[in-house]
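Step one of this worksheet: look at the structure below.
In this text the structure is predicted, and so the values were computed from the model without any measurement. As the structure lists them, so they are numbered: ligands from 1, and atoms in each ligand from 1.
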Amino acid sequence: MGHHIPADFDTLAVRAGQVRGSEGEHAEAIYPTSSFAYASAAEAAARFAGSSPGNVYSRFTNPTVRTFEQRLAALEGGAACVATASGMAAILSTCMALLKQGDHVVCSRSVFGSTVALFERYLTRFGISVDFVPQADPAAWAAAMRPATRLLFAETPSNPLTEVADIRALAAIAHARGALLAVDNCFCTPALQRPLALGADLVIHSATKYIDGQGRCLGGAVVGDADRVGKEVFAFLRTAGPSMSPFNAWVFLKGLETLRLRMRAHCDNALRVAQWLQEHPAVERVHYPGLPSHPQHALAQVQQDGFGGIVSFEVRGGQDAAWRVVDATRLISITGNLGDAKSTITHPATTTHARLSANQRVEAGIADGLVRVSVGLEAVEDIIADLARGLD
Ligand SMILES: *Cc1c(COP(=O)(O)O)cnc(C)c1O
């Protein structure tokens with residue numbers, strides 16, 4: 001592990017993208033302004049025409065948002081980044097910019113619920129078809145390819161079962177047919193996984209999660225090359241307007257400064273929690289890529305620089321037993337959010353995955369006894385003691 005994170009990652013996380021203003025401020029400035037003023041009519045005309053560089057309107061560009069975009073692009077190793085109002089806005093903007101009527105998408109079956117809804121309910125209305133395939137089975141992805149396939153979409157590790165997709169293998173399948181691979185890198189962040197270096201064309205983020213890291217702001221981003229992201233996704237964003245606010249961009253860019261330290265601490269705590277759960281007699285099964293029992297443990301070891309902060313486990317006794325574990329907690333927050341300094345706990349079958357039918361849940365591996373914990377930064381002994389209350 002640790003082989004594909006560049007040596008200057010920590011420096012870029014703290015420094016990339018900052019342009020110090022005329023006040024000499026040390027921390028990055030926030031520019032809460034909707035528009036920008038010009039010295040003359042001629043300058044305004046040149047800015048609008050795009051012949052002179054500079055800001056016009058914050059739906060298009062904003063200095064604080066640009067600092068965040070340049071910093072995240074540097075960390076992901078991409079030429080361009082477009083920041084968006086939420087993670088879902090990043091996925092929507094990517095699809096609207098790069099897909100057209102008649103195109104076909106192959107998507108992992110294990111992606112975020114709203115991503116499934118966006119593809120199934122909305123893209124199909126505009127003549128874009130989608131097939132869902134098992135996340136960890138490259139042969140199923142290859143078999144789903146059609147001449148019209150334009151985009152492969154994966155999220156790895158997945159929520160809540162932490163299935164790991166083979167990014168290199170999916171990139172090869174996509175590129176052999178002239179399609180693009182997009183990877184939702186929400187669970188790992190560039191501190192643990194850099195999909196572009198593994199062959200992906202686009203990286204999607206919900207900055208709402210680990211990039212913020214303290215559960216404050218909604219935001220998202222698309223990272224990739226100068227043409228598709230810097231021109232096409234940006235053109236959609238500036239036209240349609242799901243842009244990131246300067247205040248949120250500032251929160252996220254400060255989050256990037258401590259991202260790697262936080263992710264290491266999340267990984268350390270999560271591994272301890274997973275190992276403890278695995279030994280507990282009331283627990284039937286633990287899903288965590290850091291455990292040798294995880295089906296893609298070896299792949300996660302070469303593809304990731306840490307196993308992440310999300311642990312799921314099946315409690316013996318179904319929904320009643322799982323709810324007992326959730327309800328017995330006093331420290332861990334009962335909430336659907338993840339990637340926070342505060343540990344959170346959810347019962348997927350009755351919350352995040354409640355929209356699925358019982359059959360779909362069985363197919364997706366969402367057992368009634370399944371509990372998901374986003375392991376936070378509290379003392380790990382306290383997190384374990386809190387889970388023990390409902391399990392012992
Ligand atoms: C939360 C999440 C999203 C959506 O992000 P929002 O910021 O809530 O719009 C997308 N993908 C994954 C993996 C997520 O966890």
| field | side-chain hydrogen bond (donor to acceptor under 3.5 Å, both in side chains) involving T352 - partner list, sequence neighbours excluded | value | none

| request: Could you list all the side chain to side chain donor-acceptor pair (under 3.5 Å) pairs where at least one residue sits in residues 68-85, not counting sequence neighbours? | output: E28-R71, R71-E257, E76-N185, E76-H205

| field | Sequence neighbours excluded, every pair satisfying side chain to side chain donor-acceptor pair (under 3.5 Å) that has a member inside residues 42-57 | value | E43-R47, N55-T61, N55-R66

| query | F252 vs F68 aromatic rings, parallel, tilted or perpendicular, using cut-offs 30° and 60°? | reply | tilted

| field | Donor-acceptor pair, side chain of T149 and main chain of M145, under 3.5 angstrom | value | no

Which atom pairs, nitrogen or oxygen on both sides, join ligand 1 and the protein at under 3.5 angstrom?
{"residue": "ligand 1", "atom": "5 (O)", "partner": "S206", "partner atom": "OG", "Å": "2.9"}
{"residue": "ligand 1", "atom": "7 (O)", "partner": "G87", "partner atom": "N", "Å": "2.8"}
{"residue": "ligand 1", "atom": "7 (O)", "partner": "S206", "partner atom": "OG", "Å": "2.9"}
{"residue": "ligand 1", "atom": "7 (O)", "partner": "T208", "partner atom": "OG1", "Å": "2.6"}
{"residue": "ligand 1", "atom": "9 (O)", "partner": "G87", "partner atom": "N", "Å": "3.0"}
{"residue": "ligand 1", "atom": "9 (O)", "partner": "M88", "partner atom": "N", "Å": "2.9"}
{"residue": "ligand 1", "atom": "11 (N)", "partner": "D184", "partner atom": "OD2", "Å": "2.7"}
{"residue": "ligand 1", "atom": "15 (O)", "partner": "K209", "partner atom": "NZ", "Å": "2.6"}

| field | F313 and H280 aromatic centres sub-6.0 Å | value | no

